[in-house]
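Remarks on the structure that follows.
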Protein chains: 2
Amino acid sequence: MTPLTSKQRQSRATQERLLAAAFEEFQLHGLAGARVDRIAERAKSNKRLIYIYFGNKEQLFDVVVQRSLEKMIDAHAVPLPDDLPGYAVELFDYLEERPEVFRLFWWRHLERRDTSEVEQANYRDKVARIAEAQRAGRLDAKIPAAHLFAFLLGVVQSWSLASDALRDAAGEDATRDRRRESVREAVARVTGTSMG
Amino acid sequence: MTPLTSKQRQSRATQERLLAAAFEEFQLHGLAGARVDRIAERAKSNKRLIYIYFGNKEQLFDVVVQRSLEKMIDAHAVPLPDDLPGYAVELFDYLEERPEVFRLFWWRHLERRDTSEVEQANYRDKVARIAEAQRAGRLDAKIPAAHLFAFLLGVVQSWSLASDALRDAAGEDATRDRRRESVREAVARVTGTSMG
DNA sequence: GTATAGTAACTATCTAGTTAGGTACAACCG
DNA sequence: CGGTTGTACCTAACTAGATAGTTACTATAC
């Protein structure tokens, strides 16, 4: 690490502020709905710098998504596959604490179809681990590994995915603790862990 | 039904073309990304008529969403709650045939938070039926009814929700038939139907 | 001939991206 | 050291094109 001059430090700080502001804007409004001017303003910075540092709006969006993705992957590197319900609950908590992150991912899913290297590698790795556990007989193998992982993600996200109308219908049962325990139970059942 | 004049019939036809074009535009680009000009063009009609018939872009969006929602609810009115896996598979097929419909719903979820009467009633009804079956002992009651239904929807949507990266990781297992059977099995496990 | 369906051209506003310039920090020179 | 200059960081004002919504008009069925 070369020591940074004060100018460089300031520059980095500005970039961080821009990224944070962009994250906020994009998770709220998506790519098409986001306004470059608002991002600059929110960052207490200047629009020009966005184009200098990040190229254009789309590239900024991609950088923001990529960073959030990496952060999430880093936060959940280890715990697979012998405690899938535990992993699901961990992800559930992550999601509950950061609904904005998932909003951002949905926007990307709708507005930009492409999928990054990091992401592909991550999925391949996790699916491979589950498949390995299945071959070793440590996990029920009736449902293929990739399906199992897809369902796990589906269950974990089901509440934020569901319309508010459904949440309303849940009434008292909609507290976070109860939802968490249901997620654990559901994933245990799907993965066959509850019978093991 | 009053008999329609030819003018009225033509007017209705124009409205239908506008709605169809709007559906296409909105499911592709969302509310913010949609272009009123493109909708008019696609409908081989005129922009002005959109404002006459539907008010403005947002109201048009709401009408389009509402219609799709009602169509979907009508298509799946009956089959709950004693064969939840069957219901899930039916929904799964509906989704596979009409991914655009779900894209539209996701856009709405991100871009407009409100939730319609029809939708609320629909959820309340379905959750109530499941709860009833639980009370009657026909269905495992460890997971609350609303949670069960949320998970069912999560599992059904998990594939279209998942990043393409995960689909890639599934390889040969990603055929629709195999995915359908996994959905059936997963929902059976979550709802406890497989043990019954 | 008049009300209803339809059209094209227009406008005010907004927005991504750019131009032209200013400011402050460091480095070099006298 | 004190001043000068180059350069990296930053800013405000601008532009060209797009976009939601309107106005003013024509055509056609009854």
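Per chain, numbering begins at 1; letters A, B, ... match sequence-line order. As the structure is a computational prediction, the values presented were derived from the model and not from experiment.
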Review point. Which of parallel (below 30°), tilted (30 to 60°) and perpendicular (above 60°) describes A:His109 and B:Trp106?
Key: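 Taking B:Trp106 first and then A:His109, their aromatic rings sit tilted (interplane angle of 30° to 60°).
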Between [X] ([atom1]) and [N] ([atom2]), how many Å, whole number?
{"X": "A:Ile50", "N": "C:dT19", "atom1": "CD1", "atom2": "C1'", "answer": "17 Å"}
{"X": "B:Arg12", "N": "C:dT4", "atom1": "CZ", "atom2": "P", "answer": "14 Å"}
{"X": "B:Arg9", "N": "D:dT28", "atom1": "CZ", "atom2": "C1'", "answer": "14 Å"}

Using 4.0 Å as the upper bound for N to carboxylate O, is an ion pair formed by [Y] and [X]?
{"X": "B:Glu16", "Y": "B:Arg67", "value": "yes"}
{"X": "B:Glu96", "Y": "B:Arg179", "value": "yes"}
{"X": "B:Glu100", "Y": "B:Arg103", "value": "no"}
{"X": "B:Arg112", "Y": "B:Glu58", "value": "yes"}

Is there a side-chain contact between [X] and the phosphate of [N], meaning an N or O under 4.0 Å from OP1 or OP2?
{"X": "A:Thr14", "N": "D:dC9", "value": "no"}
{"X": "A:Tyr53", "N": "D:dC9", "value": "no"}
{"X": "B:Gln10", "N": "D:dA29", "value": "no"}

Review point. For nucleotides 14-24 of chain D, read 5' to 3', which letter fits each nucleotide if B means a protein heavy atom sits under 4.0 Å from the base, S means only the sugar-phosphate is that close, and - means neither?
Key: -----SBBBB-
**Study point:** Stacked cation flag A:Arg98 on A:Phe102, 6.0 angstrom / 45 deg
**Key:**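 Judged by the rule, A:Arg98 and A:Phe102 form no cation-pi pair.
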